[in-house]
Amino acid sequence: MPTSEAGRSPGHGAARFAVVDPATGEAFDEAPDQRPDELDAVVDRARRAWHGWRADPVARTTALRGAADAVETAGDDLARLLTREQGKPLAEAHAEVARTAARLRYFADLAPTTRRIADGRPVDSEIRWRSLGPVAAIVPWNFPLQLAAAKFAPALAAGNTVVLKPSPFTPLATRLLGSVLAAVLPEDVLTVVTGREPLGARLAAHPGIRHVTFTGSVPTGRAVAGAAAASLARVTLELGGNDAAVLLDDVEVDRIADRLFWAAFRNCGQVCMAVKRVYAPARLHAEVVEALAQRARTVAVGAGLAPDTRLGPVNNAPQLARVEQVTRRALADGARAAAGGRRPDGPGYFFAPTVLTDVPPDSPVVTGEQFGPVLPVLPYRSLDEAVEAANGTGFGLGGSVWGTDLDRAEAVAGRLECGTAWINHHAELSLAQPFAGAKDSGVGVAGGPWGLYGNLRPFVVHRPREEA
């Protein structure tokens with residue numbers, strides 16, 4: 001394994017931690033448990049590598065294009081390892097690898113624009129852009145490779161170096177990705193470090209880090225922001241969501257049911273911008289519940305490597321406990337499971353795809369982020385009531401409106417308090433668009449040119465005009 005792949009990988013006898021296959025609940029491999037005090041050397045090497053990396057944008061473009069090619073070449077190995085540690089179906093793991101390569105290729109060809117300012121003074125003012133330095137990328141377990149690339153691709157394209165820390169639940173595919181990229185990137189430009197806490201907290205607080213980009217929970221995001229504040233490092237935080245889908249009274253349930261189901265249950269519901277609540281007109285509520293429940297009862301659930309699997313397990317034991325807790329609470333408070341509602345018999349971290357009806361609107365499964373295969377469907381009497389409920393949480397990542405009259409749906413979408421609103425679909429993003437949340441769902445912007453400029457700082461040069 002190249003040394004730059006994991007911060008000069010620990011030698012023989014160094015501490016390691018187990019990595020569990022969520023389809024079995026059993027450990028199948030190990031990863032280095034790097035000590036927080038090892039970060040000083042890692043960040044220092046990233047700082048020294050930054051001086052050469054930032055100096056040659058043409059070489060960066062070539063290297064990032066080569067990195068995309070290398071990811072595609074290693075796609076089969078990356079996808080299988082990703083499925084093994086994360087649990088998602090193999091087809092979805094391949095899609096994640098492809099997205100990782102596509103993001104590298106997109107940012108390889110993106111460059112900041114130098115601007116002249118004409119303000120009537122006898123001075124030529126030019127805005128240029130400079131990189132920040134070492135960037136910390138702290139990544140969750142639901143999309144380990146895709147979210148890593150969403151952080152390191154724009155950072156590297158901007159001329160920064162990156163220290164990448166994956167979740168301890170999913171370190172292996174990221175380590176392999178680091179090894180793949182080490183073959184085409186200069187040494188120490190991208191370093192992968194793995195370990196349990198307090199490694200992530202120490203990385204966020206490291207005085208040599210100039211930008212911390214993090215995806216995870218709201219409480220942890222607040223802690224990351226506080227840690228980064230000590231060195232006045234920039235922060236970009238994507239802190240999850242509780243996206244609502246508002247169905248209008250002209251919606252054709254049979255036409256949208258498949259799209260709505262997968263918008264909620266893809267990756268076993270472990271998607272920050274998944275549909276996590278559905279608001280349906282009272283007269284259509286029972287039809288919507290049954291359409292979704294029928295799909296939940298019949299979808300193929302199993303190990304991600306099994307060829308027929310459409311939904312895998314929940315990724316880890318703590319998250320499974322969270323899903324069980326919010327479901328039991330809802331059922332105890334009077335909700336009814338139209339499908340699922342419990343763990344199936346057998347090994348692994350599986351939870352039956354669950355559709356809940358008669359859910360109290362103040363239940364944690366409605367007001368919080370369940371982040372699992374559980375979907376409450378709530379009736380509404382008036383559209384104003386539905387919009388108020390959709391906006392009635394501290395989250396504001398995304399939302400969607402579903403109906404036949406697209407102009408009306410767009411008008412309702414404009415009333416949602418979120419960063420992205422979709423009409424008749426959900427959670428589909430272009431590499432070229434900004435991705436940002438409102439309220440507690442985040443700080444800063446990722447994606448597209450905005451993601452690139454988020455990794456740069458302006459540098460202004462004033463030059464007096466020569467007199468004639």
Side-chain angles (χ1 to χ4, degrees), residues 2-8 39-71 100-101 103-117 124-137 148-165 177-193 203 206-213 228 231-236 444 446 448-463:
T3 55
S4 61
E5 179 269 334
R8 309 290 197 238
L39 290 174
D40 289 342
V42 171
V43 174
D44 184 62
R45 287 195 300 271
R47 179 188 59 79
R48 285 187 274 120
W50 170 52
H51 295 295
W53 179 248
R54 66 179 176 174
D56 192 341
V58 174
R60 289 202 304 270
T61 294
T62 300
L64 291 175
R65 288 173 180 167
D69 293 340
V71 170
T100 300
R103 202 174 296 268
L104 278 163
R105 195 166 282 120
Y106 172 81
F107 281 104
D109 294 324
L110 205 60
T113 302
T114 298
R115 281 188 57 195
R116 290 283 182 92
I117 299 175
D124 289 326
S125 301
E126 187 173 79
I127 304 173
R128 305 170 187 173
W129 296 92
R130 289 185 167 177
S131 56
L132 305 174
V135 172
K151 299 178 186 306
F152 69 66
L156 293 176
N160 303 294
T161 53
V162 176
V163 180
L164 169 61
K165 184 200 170 294
L177 176 65
S179 181
V180 168
L181 297 180
V184 293
L185 296 177
E187 190 170 31
D188 297 320
V189 163
L190 173 67
T191 306
V192 179
V193 295
L203 179 59
H206 198 285
I209 293 295
R210 304 316 309 144
H211 180 196
V212 181
T213 174
S231 59
L232 297 180
R234 186 178 301 185
V235 293
T236 301
W450 300 268
L452 180 72
Y453 283 100
N455 284 280
L456 294 162
R457 64 177 178 84
F459 174 62
V460 182
V461 175
H462 296 275
R463 174 176 171 169

- Query: Do Arg65 and Asp69 pass the salt bridge (charged side-chain N to carboxylate O under 4.0 Å, His left out) test, and can you show the C-alpha distance, the side-chain angles, and the key distance before you say yes or no?
  - Reply: CA-CA 6 Å; Arg65 288 173 180 167; Asp69 293 340; over 6 Å; no
- Pro154 to Gly451 - nearest heavy-atom pair and separation: CB-O, 3.7 Å
- Task: Return the minimal non-hydrogen interatomic distance between Ala149 and Thr100, and the atom names on each side.
- Result: CB-CG2, 3.7 Å
- Message: If I compare all heavy atoms of Leu456 with all of Leu132, which pair ends up nearest, and what's the gap?
- Response: C-CD2, 3.9 Å
- Mind running side-chain contact (heavy atoms from CB on, under 4.5 Å) on Leu64 and Phe152 for me, showing each step along the way? CA-CA 11 Å; Leu64 291 175; Phe152 69 66; over 6 Å; no
- Query: Does Leu156 offer a backbone N or O that forms a donor-acceptor pair with the side chain of Trp53 under 3.5 Å?
  - Reply: yes
- Item | Any donor-acceptor pair under 3.5 Å from Asn160 side chain to Asn455 backbone | yes
- Query: Where the side chain of Thr191 meets the backbone of Val163, is there a donor-acceptor pair that is under 3.5 Å apart?
  - Reply: no
- Item | Audit row: Ser125, Arg115, side-chain contact (heavy atoms from CB on, under 4.5 Å) steps and yes/no | CA-CA 8 Å; Ser125 301; Arg115 281 188 57 195; over 6 Å; no
- Query: Any side-chain heavy atom of Thr161 sitting closer than 4.5 Å to one from Arg54?
  - Reply: no
- Query: Backbone N or O of Pro134 within a donor-acceptor pair of the Arg47 side chain at under 3.5 Å?
  - Reply: no
- Query: Are any non-hydrogen side-chain atoms of Val212 and Leu203 less than 4.5 angstrom apart?
  - Reply: no
- Task: Would you please name every residue forming a side-chain hydrogen bond (donor to acceptor under 3.5 Å, both in side chains) with Lys151, sequence neighbours left out?
- Result: Thr213, Thr215
- Heavy-atom pair of closest approach, residues Ser131 and Ala158: CB-O, 3.3 Å
- Note on the structure: CG (Leu190) and CG (Leu181) are apart, to the nearest 0.5 Å, by 6.0 Å
- Kindly say whether Gly454 contributes a backbone atom to a donor-acceptor pair with the side chain of Arg234 at under 3.5 angstrom? yes
- Note on the structure: Rounded to the nearest 0.5 angstrom, the CZ-OG1 distance for Arg128 and Thr113 is 14.5 Å
- Message: Checking Arg457 now: which residues fulfil side-chain hydrogen bond (donor to acceptor under 3.5 Å, both in side chains) with it, not counting sequence neighbours?
- Response: none
- Results of side chain to side chain contact (heavy atoms under 4.5 Å, CB included) for Val58 - residues two or more places apart only: Asp56
- Task: Could you tell me whether a side-chain N or O of Trp129 sits under 3.5 Å from a main-chain N or O of Thr114, the two making a donor and an acceptor?
- Result: no
- Item | Under 3.5 Å side-chain donor-acceptor pair for His211 and Thr236 | yes
